[in-house]
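Following: one structure in structure tokens, then a few remarks.
Please read these numbers as outputs of a predicted model, since none were measured by experiment. Heavy atoms only: backbone and side chains are in, while hydrogens, waters and symmetry mates are out. Protein chains get the first letters and strands the later ones, always in sequence-line order, with residue 1 at the start of each.
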Protein chains: 2
Amino acid sequence: MPNIAHQRLDCTVGCPVEGVLEIIGGKWKGVILYHLLDETLRFNEIRRRLPGITQRMLTNQLRELEASGIVFRQVYAEVPPKVEYSLTSKGKTLAPVIRAMELWGRENLLPQAEAATSR
Amino acid sequence: MPNIAHQRLDCTVGCPVEGVLEIIGGKWKGVILYHLLDETLRFNEIRRRLPGITQRMLTNQLRELEASGIVFRQVYAEVPPKVEYSLTSKGKTLAPVIRAMELWGRENLLPQAEAATSR
DNA sequence: CAGAATCCTTGAAGATACTG
DNA sequence: CAGTATCTTCAAGGATTCTG
């Protein structure tokens with residue numbers, strides 16, 4: 001084994017998962033990412049897709065995602081203002097994670113889904 | 001005790017993701033699940049794998065996971081007490097989600113990892 | 001060993017109002 | 001349209017002690 005062998009991480013093998021949750025956790029980030037997966041959206045477009053979120057929260061979450069290098073914020077110098085949000089290339093690599101969550105959610109969280117098949 | 005878990009499905013397509021995050025979100029649940037993926041563990045075994053978690057938190061999180069039908073809690077009538085935690089079949093279906101997160105975490109959260117590959 | 005019972009702190013999240 | 005700026009609340013999470 002090469003000499004990069006064991007770096008002293010303060011926690012051991014569990015951390016990758018924990019770290020991801022710090023990025024896509026929170027109450028809204030996962031859903032925001034989900035909506036940005038295959039679309040570039042403007043601020044209010046995202047907002048409309050998240051019933052219940054406040055402007056403040058949306059701004060917060062988007063800024064944190066931007067700081068994590070996950071989301072790209074494109075500001076157009078127009079009046080009225082226009083800001084578009086999209087995934088960075090790094091953000092796009094999260095697709096498998098989001099998709100896996102989406103799939104599991106559909107199969108396990110929506111009783112109607114399964115009930116519908118048996119109806 | 002009634003499980004009032006996911007009745008908040010008043011939002012539309014984003015919810016699958018949101019619902020999953022309610023289950024594996026929180027500060028510790030994802031990591032707990034990660035450790036239970038391929039092992040049945042006793043209370044203190046899990047605790048040792050999560051540096052920094054308190055007994056209270058661990059108990060809490062495990063109970064919530066149990067209430068979500070994700071974790072099975074096996075109590076042995078012994079002295080001293082012995083309680084084993086494992087994934088239910090439903091819990092095991094979360095594996096792809098956890099694995100996707102683990103993979104992404106390894107590739108994006110540990111700079112050493114990428115540095116190692118480019119060397 | 002695996003918790004239950006308390007008490008306490010913090011900050012995540014919400015409500016509301018204002019603005020370039 | 002896309003934000004700030006405050007104020008406030010509530011519950012997630014933590015620290016500590018006790019116990020079958």
Check your understanding: Of all residues at least two apart in sequence or in a different chain, which pass the side-chain contact (heavy atoms from CB on, under 4.5 Å) check with Glu22(A)?
Key -> Glu18(A)

Separation of [N] [atom2] from [X] [atom1] (nearest whole Å):
X: Leu65(B); N: dA12(D); atom1: CG; atom2: C1'; result: 15 Å
X: Phe43(B); N: dT19(D); atom1: CZ; atom2: P; result: 18 Å
X: Glu84(A); N: dA2(D); atom1: CD; atom2: C1'; result: 13 Å
X: Asn60(B); N: dA12(D); atom1: CG; atom2: C1'; result: 9 Å
X: Leu62(B); N: dG13(D); atom1: CG; atom2: P; result: 13 Å
X: Met57(B); N: dA15(D); atom1: CE; atom2: C1'; result: 11 Å

Would you indicate what [X] reaches in the nucleic acid, counting non-hydrogen atoms under 4.0 angstrom: base, sugar-phosphate, or nothing?
X: Glu64(B); result: nothing
X: Pro80(B); result: sugar-phosphate
X: Tyr76(A); result: nothing
X: Arg42(A); result: sugar-phosphate

Review point. dG3(D) phosphate, OP1 or OP2: any side-chain N/O from Arg63(A) under 4.0 angstrom?
Key: yes

Revision key, fill the gap. Its 5'-most and 3'-most nucleotides having an atom under 4.0 Å from a non-hydrogen atom of chain B, DNA chain C is contacted over dC1(C) to dT6(C)

Review point. DNA chain C: Lys82(B) or Thr54(A), which has the more 5' nearest nucleotide?
Key: Lys82(B)

